[in-house]
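First the structure, in the form of structure tokens, and then the observations on it.
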Amino acid sequence: MSKKFYITTAIPYVNAAPHIGFALELIQTDAVARYHRQKGDEVFFLTGTDENSLKNVLAAEKEGLTVQKFVDRNTKRFIELGKVLNISNNDFIQTTAKKHFIGCQKLWQATKSKDIYKKKYKGLYCVGCEQFYAEKELVDNKCPEHQTKLQVVEEENYFFRLSAYQDKLKKLIKSDEYQIMPASRKNEVLSFIEMGLEDFSISRSQARAKNWGVPVPGDQSQVMYVWYDALSNYITALDYDRNGKNFKKFWPADVHIIGKGIIRFHAVYWPVMLLSAGLPLPKKLFVHGYINIAGEKMSKSLGNVVDPFVLVEKYGSEVVRYYLLRYIHPVQDSDFSLEKLEAAYQADLANGLGNLVSRVAGLIEQNKVKIKQDKQDKQDKQFDQIIESFSFDQALKYIWDKIAALDSLITTTKPWELAKAGKKAELSKILNQAANGIFQISQLLKPFLPQTAEKIEKIFTTKQIKKGEPLFPRFEK
RNA sequence: CGCGGGGUAGAGCAGUAGCAGCUCGCCAGGCCCAUAACCUGGAGGUCGUGGGUGCAACUCCCACCCCCGCAACCA
């Protein structure tokens, strides 16, 4: 019996080229999606881009392009990133899509009328940050980020009655009805809620938004606050606008995967928006950590931004996938470095997996042993449990322990001696065991390293097993 | 008194009361089937600091020091 499984990444805004952090999110999400497909679930995996952010408008202005041209061009890079990383998403939402606009407006209208109200707001606004600042936050009366003077903006906006949902939301999260993982993030959210939720603005004036964004239904002077529209992507992509069959089938989401920076929107705003509109809540929110470079935050000003395209070009997608899943901690921040990536390649992929495959395939080829496929599907509860908890690093460790066990098996049973001694039956038994062990490894590996898994599968399912080329040649010193 | 995460072998991490562990790196031995790969063993840590509770503390309690985030719109 197949279950439906709906999984999403966050949608990054496209004012700059995609960076390695988003690559991590794509790869993690892809691993979970592929895992569920392998289990026979009907999977819908969504990713996309947020094109309505004012930051896009500002970036476009800088380059002298129309906003639409700018976002189209930049979104291409994100689509391209998915391709080069071999990401198996079923759809890619761009929030300038018509169905997204209509869907957002439908959600707005479905929201309980008492939850949306108009309020005058006056504050100091920084266009660069796209945000209001409190006076005590300023440095020399200037924006702490941009060192520019702030504008006094006064306008009437729509507000959402978040405060009314405080108790209800707390209960839903505490009980794991909407499960936030890991637990430390759940606690963080709960303590945030306990501090008290304030109503938040869900629109801005057309002028301030520079006429870019989703218009508020029935009020041409306002566009939706970009997060209101961005979060809606998870349902608009499923054709919520016309209550399409994907929406009926796949909503609510089984998992949203996001980075720690946007936890509030997903853990607080989004569920409440849905509650007010009478829609079911997503089941899980998984929050991953960030990638640091030599202990420092990645940033353009530091000049330490890692370009995922360059990595893939140099090492290949499988190596990048492996490194990010195995050595970037799923929930804590971790350091990224080329040295570590290369060490992982050499030790785990070349010496470990690659060598084992050559080793066993070579022994089989030389001794012309017949391999009988062990066809039965091995259930592995422990492995399932590891993946359910998003412990990608441990999942790979688990697989690599099996690789080591097979190496150890070969070393201790010495098939080459059995061959010399003419002990055919015993030789065949050992090599069958090894071959089937590798086959099993390839199955476990599929969600993580799909291409490599397939190559291994091919080698060990052909009639005449041949050694062939190394999967991961060692780097020359 | 803002909130959170962290400080365990050269590096990266696991370990929540009972002889301090894993991976990489390093050293020695074995093997010779394999991509100079693989296997075994070894060196290397007063578990941030100071107190407390316990028969027993990396693990619980208290205080302090250091690092890194967040503090309503950054993957």
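Note: hydrogens, waters and symmetry copies are ignored here, and every other heavy atom, side chains too, is used. Proteins come first, then strands; the chains are lettered A, B, ... in the order of their sequence lines, and each starts at number 1.
- Distance CH2 (Trp400(A)) to C1' (C39(B)): 19 Å, rounded to an integer number of Å.
- Here U23(B) is the nucleotide among C33(B), A37(B), U23(B) with the atom lying nearest to any side-chain atom of Tyr327(A).
- Under the stacking definition used here (centres under 5.5 Å, planes under 30°), the residue Tyr290(A) qualifies as stacked on the base of A75(B).
- Under the Watson-Crick or G-U wobble criterion, with both distances below 3.5 Å, A37(B) has no partner in any strand shown.
- Between Lys119(A) and Asp199(A) there is no salt bridge, since no side-chain nitrogen of the basic residue lies less than 4.0 Å from a carboxylate oxygen of the acidic one.
- Nearest nucleotide to the Ile410(A) side chain, out of C73(B), A14(B), C33(B): C33(B).
- C27(B) and C64(B) are spaced 46 Å apart, taking the P atom of each and rounding to whole Å.
- Tyr165(A) has its side chain out of reach of Leu197(A): every pair of non-hydrogen atoms, C-beta onward, lies at least 4.5 Å apart.
- Only the C1' atoms considered, C65(B) is 10 Å distant from G50(B), to the nearest whole Å.
- Side-chain nitrogen and oxygen atoms of Gln394(A) include none within less than 4.0 Å of the OP1 or OP2 phosphate oxygen of C22(B).
- Comparing the P positions of A28(B) and A43(B) gives an interatomic distance of 15 Å, to the nearest angstrom.
- Evaluation of atom-type donor-acceptor distances gives no pair under 3.5 Å for the side chain of Tyr13(A) against the base of C74(B).
- The residues Lys397(A) and Asp393(A) are annotated as not salt-bridged, no charged nitrogen and carboxylate oxygen being separated by less than 4.0 angstrom.
- When the P atom is compared between G5(B) and C60(B), the two are found 13 Å apart, to the nearest whole Å.
- Distances from the side chain of Gln366(A) to the nucleotides A36(B), A34(B), C32(B) place A34(B) closest.
- Nearest-nucleotide mapping onto RNA chain B: of Lys340(A) and Lys397(A), the residue sitting toward the 5' end is Lys340(A).
- Across the protein-nucleic acid pair, Phe336(A) atom CZ and A75(B) atom P stand 19 Å apart, rounded to whole Å.
- Listed nucleotides A75(B), C73(B), U35(B) differ in distance to Pro470(A); the shortest reach to its side chain belongs to U35(B).
- Phe92(A) and Leu46(A) get closest at one heavy-atom pair: N-CD1, 4.3 Å.
- The base-pairing partner of U49(B), taking Watson-Crick or G-U wobble contacts with both distances under 3.5 Å, is A63(B).
- The aromatic rings of His266(A) and Tyr234(A) lie tilted to each other, with the angle between the two planes from 30° to 60°.
- The interatomic distance linking Phe265(A) (CZ) with C70(B) (C1') rounds to 12 Å, in whole Å.
- Leu24(A) comes within 4.0 angstrom of no nucleic acid atom, judged by non-hydrogen atoms across all strands.
- Distances from the side chain of Leu471(A) to the nucleotides C39(B), U35(B), A75(B) place U35(B) closest.
- In this entry C26(B) has G42(B) as its Watson-Crick or G-U wobble partner, both defining distances falling under 3.5 Å.
- No donor-acceptor contact under 3.5 Å links the side chain of Arg359(A) to the base of C38(B).
- Atom CD of Glu61(A) has more than 12 heavy atoms from other residues, nucleotides or ligands within 6.0 Å.
- Anti is the glycosidic conformation of G12(B), whose angle departs from 0 by more than 90°.
- No contact: Leu26(A) has no heavy atom under 4.0 Å from any strand.
- The distance between atom CG of Leu231(A) and atom C1' of A72(B), rounded to the nearest whole Å, is 13 Å.
- Side-chain atoms of Leu162(A) lie closest to A72(B) of the nucleotides A36(B), U23(B), A72(B).
- Here Gly354(A) lies in heavy-atom contact (under 4.0 Å) with a base.
- As rounded to the nearest Å, U49(B) and C66(B) have C1' atoms that lie 10 Å from one another.
- For Asp333(A) and A75(B), the CG to C1' distance is 11 Å, given to the nearest whole Å.
- Closest to the Lys467(A) side chain, of the nucleotides A34(B), C24(B), A37(B), is A34(B).
- Taking atom CZ on Phe22(A) and atom C1' on A75(B), their separation rounds to 7 Å, with Å as the unit.
- Base-pair partner of A9(B): not found among the strands shown (Watson-Crick or G-U wobble, both distances under 3.5 Å).
- Within 4.0 Å of Gly259(A), counting heavy atoms only, lie sugar-phosphate atoms of the nucleic acid but no base atom.
- Using a 4.0 Å cut-off, some side-chain N or O of Gln332(A) falls inside it from OP1 or OP2 of A14(B).
- Where Lys420(A) and Thr411(A) meet RNA chain B, the nucleotide closest to each residue was compared, and Lys420(A) sits on the side nearer the 5' end.
- Judged by Watson-Crick or G-U wobble contacts below 3.5 Å, the nucleotide C1(B) has no partner.
- Distance from the side chain of Trp416(A) is smallest to C32(B) among A37(B), A14(B), C32(B).
- Between Phe160(A) and Phe200(A), the ring planes lie tilted relative to each other; the angle falls in the 30° to 60° range.
- With distances taken from any side-chain atom of Ser358(A) to the nucleotides C74(B), C73(B), U35(B), the minimum falls on U35(B).
- The distance from atom CG of Leu356(A) to atom C1' of C39(B) is 13 Å, rounded to the nearest whole Å.
- Asn89(A) places a side-chain N or O within donor-acceptor distance of the main-chain N or O of Asp91(A), the cut-off being under 3.5 Å.
- When the P atom of C73(B) is taken as reference, atom NE2 of His266(A) falls 16 Å away, rounded to whole Å.
- Rounded to whole Å, the separation between the C1' atoms of C3(B) and U40(B) comes to 50 Å.
- Considering only side-chain atoms of Arg474(A), the nucleotide from C39(B), C73(B), A37(B) that sits closest is A37(B).
- Across all strands, Pro415(A) comes closer than 4.0 Å to no nucleic acid atom at all (heavy-atom distances).
- Using cut-offs of 30° and 60° on the angle between ring planes, the pair Tyr269(A) and Phe265(A) is perpendicular.
- Nucleotides A9(B) and G21(B), compared at atom P, are 14 Å apart to the nearest Å.
- As judged by a 4.0 angstrom heavy-atom cut-off over every strand, Asn355(A) is placed among the base-contacting residues.
- Look at C19(B): it lacks any Watson-Crick or wobble partner with both distances under 3.5 angstrom.
- Side-chain rings of Tyr315(A) and Tyr345(A) stay apart, their centers remaining 6.0 Å or farther from each other.
- Among the heavy atoms of the strands lying under 4.0 Å from Gly196(A) is at least one base atom, whether or not backbone atoms are also near.
- In this structure, Glu339(A) reaches neither bases nor backbone, as no heavy-atom distance under 4.0 Å exists between it and the strands shown.
- With both ends at atom P, the span from A37(B) to C26(B) equals 10 Å, rounded to whole Å.
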